6 protein chains.
Amino acid sequence: MVELGVVYRSIARADADVTTRLGGFGTATVHEAMGRTGLLRPYLRPIYAGAQVSGTAVTVLLHPGDNWMLHVAAEQIRPGDIVVAAVTGEWSDGYFGELLATSFRARGARALVIDAGVRDVRALTQMQFPVWSKAISAKGTDKATLGSVNVPLVCAGALVTPGDVIVADDDGVVVVPASLARKTLDASTAREASEGDKRARLAAGVLGLDMYAMREPLQKAGLKYID
Amino acid sequence: MVELGVVYRSIARADADVTTRLGGFGTATVHEAMGRTGLLRPYLRPIYAGAQVSGTAVTVLLHPGDNWMLHVAAEQIRPGDIVVAAVTGEWSDGYFGELLATSFRARGARALVIDAGVRDVRALTQMQFPVWSKAISAKGTDKATLGSVNVPLVCAGALVTPGDVIVADDDGVVVVPASLARKTLDASTAREASEGDKRARLAAGVLGLDMYAMREPLQKAGLKYID
Amino acid sequence: MVELGVVYRSIARADADVTTRLGGFGTATVHEAMGRTGLLRPYLRPIYAGAQVSGTAVTVLLHPGDNWMLHVAAEQIRPGDIVVAAVTGEWSDGYFGELLATSFRARGARALVIDAGVRDVRALTQMQFPVWSKAISAKGTDKATLGSVNVPLVCAGALVTPGDVIVADDDGVVVVPASLARKTLDASTAREASEGDKRARLAAGVLGLDMYAMREPLQKAGLKYID
Amino acid sequence: MVELGVVYRSIARADADVTTRLGGFGTATVHEAMGRTGLLRPYLRPIYAGAQVSGTAVTVLLHPGDNWMLHVAAEQIRPGDIVVAAVTGEWSDGYFGELLATSFRARGARALVIDAGVRDVRALTQMQFPVWSKAISAKGTDKATLGSVNVPLVCAGALVTPGDVIVADDDGVVVVPASLARKTLDASTAREASEGDKRARLAAGVLGLDMYAMREPLQKAGLKYID
Amino acid sequence: MVELGVVYRSIARADADVTTRLGGFGTATVHEAMGRTGLLRPYLRPIYAGAQVSGTAVTVLLHPGDNWMLHVAAEQIRPGDIVVAAVTGEWSDGYFGELLATSFRARGARALVIDAGVRDVRALTQMQFPVWSKAISAKGTDKATLGSVNVPLVCAGALVTPGDVIVADDDGVVVVPASLARKTLDASTAREASEGDKRARLAAGVLGLDMYAMREPLQKAGLKYID
Amino acid sequence: MVELGVVYRSIARADADVTTRLGGFGTATVHEAMGRTGLLRPYLRPIYAGAQVSGTAVTVLLHPGDNWMLHVAAEQIRPGDIVVAAVTGEWSDGYFGELLATSFRARGARALVIDAGVRDVRALTQMQFPVWSKAISAKGTDKATLGSVNVPLVCAGALVTPGDVIVADDDGVVVVPASLARKTLDASTAREASEGDKRARLAAGVLGLDMYAMREPLQKAGLKYID
């Protein structure tokens with residue numbers, strides 16, 4: 001059962017440099033490097049195309065229709081953080097807009113990931129403040145009920161612990177536990193290194209069938225070619 | 001029960017200047033200024049990003065798979081209108097495309113809001129004729145069954161009366177009853193005025209907690225900080 | 001029952017010139033020219049706006065969570081083809097990304113249509129390799145189970161036979177059977193020819209009511225005008 | 001714009017006898033008798049199969065996550081009413097359960113139609129208190145915000161005015177404006193009368209093709225039979 | 001491209017006895033016996049629980065909002081058939097109700113499978129005429145546009161050819177091509193035979209781990225037990 | 001990141017008697033008693049109406065399309081457990097059917113909660129083995145990839161730790177952390193106790209307005225009555 005009405009001020013953030021470098025790989029590579037775990041549900045979508053970021057998670061648990069705790073969370077943001085917000089119920093209205101984005105940016109936040117809706121999408125796009133959300137809606141919220149800041153929570157189907165690394169791009173959002181950040185960076189680096197060479201060979205017309213030595217296993221599996 | 005087979009030629013349009021100025025505020029502000037009413041369901045989405053318009057509603061009631069009445073509606077359009085179309089059933093095919101948009105624009109229409117599908121999205125984007133719709137589909141419609149023009153109708157969950165103000169942007173679509181247009185303009189103006197100052201202060205690092213004097217009510221509500 | 005574990009190397013492709021010219025008309029016109037048949041379900045959406053292509057279908061039947069056969073399909077691609085992929089189950093993870101796109105392009109493929117998910121959307125957009133898909137997801141797939149290449153299959157609700165013409169744009173995806181390609185081209189040409197003139201007249205303010213001679217049938221249908 | 005914070009105590013209810021008799025026809029017949037208008041969106045489903053009721057509408061406008069006004073509405077219920085509840089936002093939690101059903105029944109309510117969620121479904125089924133809802137959820141609501149009672153509102157896409165006739169069964173929910181109740185009853189009676197005879201003839205093997213004299217229009221439309 | 005305006009009177013139905021016996025196995029067994037192919041999309045649901053049937057397919061292609069061809073199809077039904085109806089577009093209103101069911105039953109039909117909506121659900125349940133549909137809706141359809149009867153079509157994502165075997169139960173709907181009916185019956189019989197023994201052993205407390213000899217492959221795959 | 005390929009044999013189950021008694025209250029009461037937390041997403045629905053159970057969680061993490069670990073989990077079941085299964089991806093095919101249910105029951109399992117699909121629904125209903133699932137599908141799964149048993153996991157949006165109490169009925173599924181089971185039982189008991197009296201008073205015609213003393217706060221909030 002999630003704790004309500006609590007703000008944890010001290011959280012163990014993943015290493016800043018590791019966090020930033022993980023962002024360079026993007027979600028597909030990082031997700032693979034983690035053995036295909038850590039992906040938030042794909043219904044979270046970026047509000048504009050082309051953003052690719054990483055940061056350390058400041059988590060916020062909200063109540064349906066109430067964004068009070070986002071203001072409380074703002075104070076806990078440090079440069080390099082990404083705010084990860086979940087709601088204790090299905091909810092798609094607009095919890096976040098231009099003013100909060102201005103405040104979050106002033107505190108050093110790199111992005112927002114929210115399992116709910118946002119608004120002021122045009123202004124957010126002009127500011128280039130990236131947001132991954134479940135919905136877009138002009139309908140606003142109240143400021144009346146306590147949630148929590150920096151408690152572990154479930155966001156879009158994934159468990160996020162404060163301080164974890166968040167990587168987000170056009171393909172979605174991935175969470176990397178702080179304790180696995182460096183190991184995941186190494187695995188991502190290794191994976192990426194081998195891709196540059198592959199890309200060049202495929203561009204030159206080499207087939208994956210040959211590059212990955214698939215012809216024999218396909219034959220063993222019984223694949224028949226018919227002319 | 002909605003009247004079928006009727007075209008009302010005389011409708012009481014909201015004041016043109018008030019209508020135009022409401023559009024400058026965008027849906028989030030106008031929706032707030034109306035006490036959070038008037039929002040059409042968020043499944044209506046713009047076919048391209050960045051458009052922000054307002055206009056007076058010319059309403060069209062269509063039958064599933066039949067866009068005959070959009071041609072009838074074209075004649076009723078006056079400069080500054082937005083056509084608001086609903087269908088007497090769930091339907092997502094393409095009722096509207098480049099030719100109708102050309103005609104609507106020639107009549108002075110500023111946009112289309114339709115609780116159904118549209119097509120020719122690339123051409124509409126090149127023309128910069130904004131549309132908010134439920135779907136995009138290349139599938140066209142017939143011209144065989146009578147609906148109505150300029151009757152009150154329900155579009156995406158909201159009651160729209162001919163002549164009402166429609167405001168639409170990336171955050172969605174809001175309807176303002178003609179009788180409330182000026183009052184809503186005043187409330188929007190007041191709301192916006194206070195936002196510029198807030199934006200500057202938040203950008204300078206002031207926290208919403210302090211700017212909105214939230215610390216005391218949060219404490220009263222029992223919020224605990226844990227280091 | 002679909003054949004599994006088979007690759008047909010010889011398929012009868014629609015005429016290359018006819019195929020290319022069909023692409024110039026876009027899906028709405030081609031779909032109309034076919035008597036409103038051939039449209040794939042509108043849940044297939046382009047990963048970026050503005051692409052408009054046509055090509056001959058190389059079909060691939062995949063298993064849930066397994067993209068092995070996309071590599072097998074790459075070898076069967078000839079310049080001017082579009083790969084059409086279906087899955088034997090509901091599945092939305094990322095079957096296709098930058099590396100496969102590089103390979104497909106090197107083989108001459110013009111696009112991918114897939115009733116599943118893709119990833120590396122930002123890279124695909126930068127490469128301008130167009131994809132129509134059901135979903136976007138960073139989650140990858142395995143390479144362990146045989147499907148088939150160049151068998152007739154159902155993709156997003158439409159039957160696609162290898163060699164058929166695929167036309168795709170922002171409005172969706174249409175399949176034209178190879179045997180009907182020329183006839184459909186003629187019908188599309190005729191339809192388009194009449195549209196240029198109509199567009200000019202509508203832009204000049206002529207009403208569709210008059211241009212299409214709708215006033216009499218509307219009156220016969222009982223339409224009443226009320227002032 | 002809907003009025004908030006208001007309870008209308010005097011509403012013009014449709015004739016009780018007409019209301020009850022309309023219920024005997026069921027939604028499909030009544031909907032046809034009204035020219036295929038008045039149907040609420042089919043996502044409203046009964047919480048148990050087999051209920052068929054009618055009643056006069058007492059309307060309730062609720063706020064997301066807040067069922068306070070259902071208690072206010074209870075006092076306005078008279079024997080033969082059906083409560084019709086809408087929410088000023090998308091919301092699926094459980095606004096209504098066994099206790100409110102007990103109270104509504106004690107007041108004479110015949111059913112609830114709600115564009116949101118309900119709970120205590122097993123108890124409601126045992127009580128045989130019929131409910132048509134958008135969702136089922138154990139999650140409850142607050143009692144803190146004013147909505148309205150007996151204002152016209154949009155419920156599941158249809159305009160419902162207090163006192164209108166509501167007919168509901170396994171096929172959905174239909175609203176009949178009070179002013180059209182008797183006319184709709186007559187049309188329903190006429191429609192039903194002709195169906196008994198048709199049913200007997202079809203059961204005896206007569207084809208609809210012959211009974212409805214469809215062969216000639218089908219032939220004219222160009223239908224070809226191929227042996 | 002599907003043929004429109006055509007009725008094929010002579011179709012090659014699968015063997016009646018084989019068809020009936022396939023029904024006894026249910027969809028899960030038949031689907032497995034076919035190598036996990038042939039399943040229609042799971043959004044098709046029975047209108048009441050507990051029905052399990054099989055029959056030979058009479059196919060009907062309908063237009064959105066038009067059920068004329070269901071009347072044409074009725075004449076083509078022979079005892080033991082199941083009518084399989086698809087629509088040339090997304091459509092969820094009620095194409096079929098009590099009167100058509102009475103006629104279909106009088107002709108010997110065993111069930112309806114329809115990729116659209118139906119109505120009169122209570123009456124159909126009382127008649128025990130089984131229907132698998134995409135939706136339930138009181139909204140009816142017109143009789144104005146030609147489709148086809150007994151052409152191959154795509155229903156809920158699967159290709160159905162007239163005369164194929166349809167098996168349907170609470171788990172969904174499976175199509176077995178007529179040419180594969182006997183082979184699928186044999187495979188189903190073999191599969192079922194082995195299940196009776198397994199059921200008894202599992203009920204007696206034997207673990208699947210032992211019965212299926214899974215412990216060694218699990219160990220090889222690296223499964224670790226931790227006390 | 002979830003551990004893969006691991007089976008924890010020793011888990012701390014909540015007290016058996018407390019667990020059983022919590023089941024008697026049902027999900028609505030237990031969810032309220034926990035401060036409205038612990039509810040799994042409402043898309044989990046029972047496969048048949050009327051079941052109400054509780055048990056201690058044995059958790060299973062599955063891969064898409066692979067139910068191998070359900071067999072591994074069977075061995076870890078003790079009388080009074082409920083198996084809670086999650087999948088590392090969106091997946092709706094049938095992971096579970098009659099044979100596994102026979103085995104689970106033989107081991108003493110009371111139910112299955114699965115964030116995926118099941119099949120053999122008719123047999124499961126006849127056996128009265130209750131299941132809450134996301135989907136029903138005849139499509140089966142493989143046995144090839146390791147997941148885990150008795151690791152903490154996210155199921156339908158809620159964190160479930162092995163040994164937690166699961167309560168499920170027609171209103172959904174709630175998880176009670178083992179450490180909070182007794183406290184939640186006390187709170188549920190208190191809540192239920194007060195409801196019997198309320199039910200009697202409401203049935204006698206007392207209004208909630210009076211019973212809950214709502215008239216004054218409603219008046220303070222500004223509610224206006226209009227005759």
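Every chain is numbered from 1, with letters handed out A, B, ... down the list of sequences. From a predicted model like this one, the values you see are computed outputs, not experimental measurements.
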**Q** Kindly check if the number of other-residue, nucleotide or ligand heavy atoms within 6.0 Å of CZ (Arg45(F)) is above 12?
**A**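 Yes, because the 6.0 Å sphere around CZ of Arg45(F) holds more than 12 heavy atoms from other groups.
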**Q** Sort out for me which of Gly208(F), Ala203(F), Ala49(F), Ala204(F) touches chain D most, counting heavy-atom pairs under 4.5 Å.
**A**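 Ranked by heavy-atom pairs under 4.5 Å with chain D, first place is Ala203(F).
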**Q** Output the distance between atom CZ (Arg199(F)) and atom CG (Leu99(D)), rounded to the nearest 0.5 Å.
**A**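 Output value for this atom pair is 6.0 Å.
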**Q** Nearest 0.5 Å, what's the CD1-CG distance between Ile226(F) and Asn150(D)?
**A**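 Reported to 0.5 Å precision, the distance equals 11.0 Å.
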**Q** Kindly compute the distance separating CG (Asp120(D)) from CG (Asp169(F)), expressed to the nearest 0.5 Å.
**A**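 Between Asp120(D) CG and Asp169(F) CG, I get 8.5 Å after rounding to 0.5 Å.
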**Q** Of all the heavy-atom pairs spanning Arg107(D) and Leu207(F), show the shortest one and how long it is.
**A**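 Closest approach of Arg107(D) to Leu207(F): CD-CD2, 3.8 Å.
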**Q** To the nearest 0.5 Å, what is the distance between OG1 on Thr102(D) and CD on Glu195(F)?
**A**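 So the OG1 of Thr102(D) and the CD of Glu195(F) are separated by 9.5 Å.
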**Q** Please name the pair of heavy atoms, one in Pro42(F) and one in Ile136(D), separated by the smallest distance, quoted to 0.1 Å.
**A**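 Taking Pro42(F) first and Ile136(D) second, the nearest heavy atoms are CB-O, 3.7 Å.
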**Q** Can you list every side-chain hydrogen bond (donor to acceptor under 3.5 Å, both in side chains) pair that touches residues 213-227 of chain F, not counting sequence neighbours?
**A**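 Qualifying pairs: Arg9(D)-Asp227(F), Glu75(D)-Arg215(F), Asp210(F)-Arg215(F), Glu216(F)-Lys220(F).
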**Q** At a 4.5 Å cut-off on heavy atoms, which part of Glu98(D) comes close to chain F: side chain, backbone, both, or neither?
**A**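 Side chain of Glu98(D) only, per the 4.5 Å heavy-atom cut-off to chain F.
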**Q** Could you give the distance from OG (Ser137(D)) to CZ (Arg41(F)), rounded to the nearest 0.5 Å?
**A**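 Between atom OG of Ser137(D) and atom CZ of Arg41(F) there are 10.0 Å.
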**Q** Does any backbone or side-chain atom of Tyr43(F) lie under 4.5 Å from a heavy atom of chain D? Answer side chain, backbone, both or neither.
**A**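 For Tyr43(F), neither part sits under 4.5 Å from chain D.
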**Q** At a 4.5 Å cut-off on heavy atoms, which part of Ala135(D) comes close to chain F: side chain, backbone, both, or neither?
**A**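 Interface part for Ala135(D): neither.
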**Q** Take a 6.0 Å sphere around CZ of Arg21(D) and say whether it holds more than 12 heavy atoms from other residues, nucleotides or ligands.
**A**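 At most 12 heavy atoms, drawn from other residues, nucleotides or ligands, come within 6.0 Å of this atom.
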**Q** Is there a donor-acceptor pair closer than 3.5 Å between any side-chain N or O of Arg122(D) and the backbone N or O of Gly50(F)?
**A**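 Yes: the side chain of Arg122(D) pairs with the backbone of Gly50(F).
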**Q** Testing the basics here: between Leu223(F) and Leu146(D), what is the closest heavy-atom pair and its distance to 0.1 Å?
**A**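 Minimum heavy-atom contact is N-CD1, 3.4 Å.
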**Q** Just do the side-chain contact (heavy atoms from CB on, under 4.5 Å) check on Phe104(D) and Leu202(F) with the steps written out, would you?
**A** CA-CA 9 Å; Phe104(D) 277 26; Leu202(F) 292 168; over 6 Å; no
**Q** Starting at CG of Leu124(D), measure out to CG of Asp171(F) and round the result to the nearest 0.5 Å.
**A**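 Reported to 0.5 Å precision, the distance equals 8.0 Å.
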**Q** Do you know the tightest heavy-atom contact between Arg119(D) and Ala28(F)?
**A**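 Shortest heavy-atom separation between Arg119(D) and Ala28(F) comes out as CD-CB, 3.8 Å.
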**Q** Would you sort out whether Arg36(F) and Asp142(D) count as a side-chain contact (heavy atoms from CB on, under 4.5 Å), showing the intermediate values?
**A** CA-CA 11 Å; Arg36(F) 291 195 186 152; Asp142(D) 293 321; 3.0 Å; yes
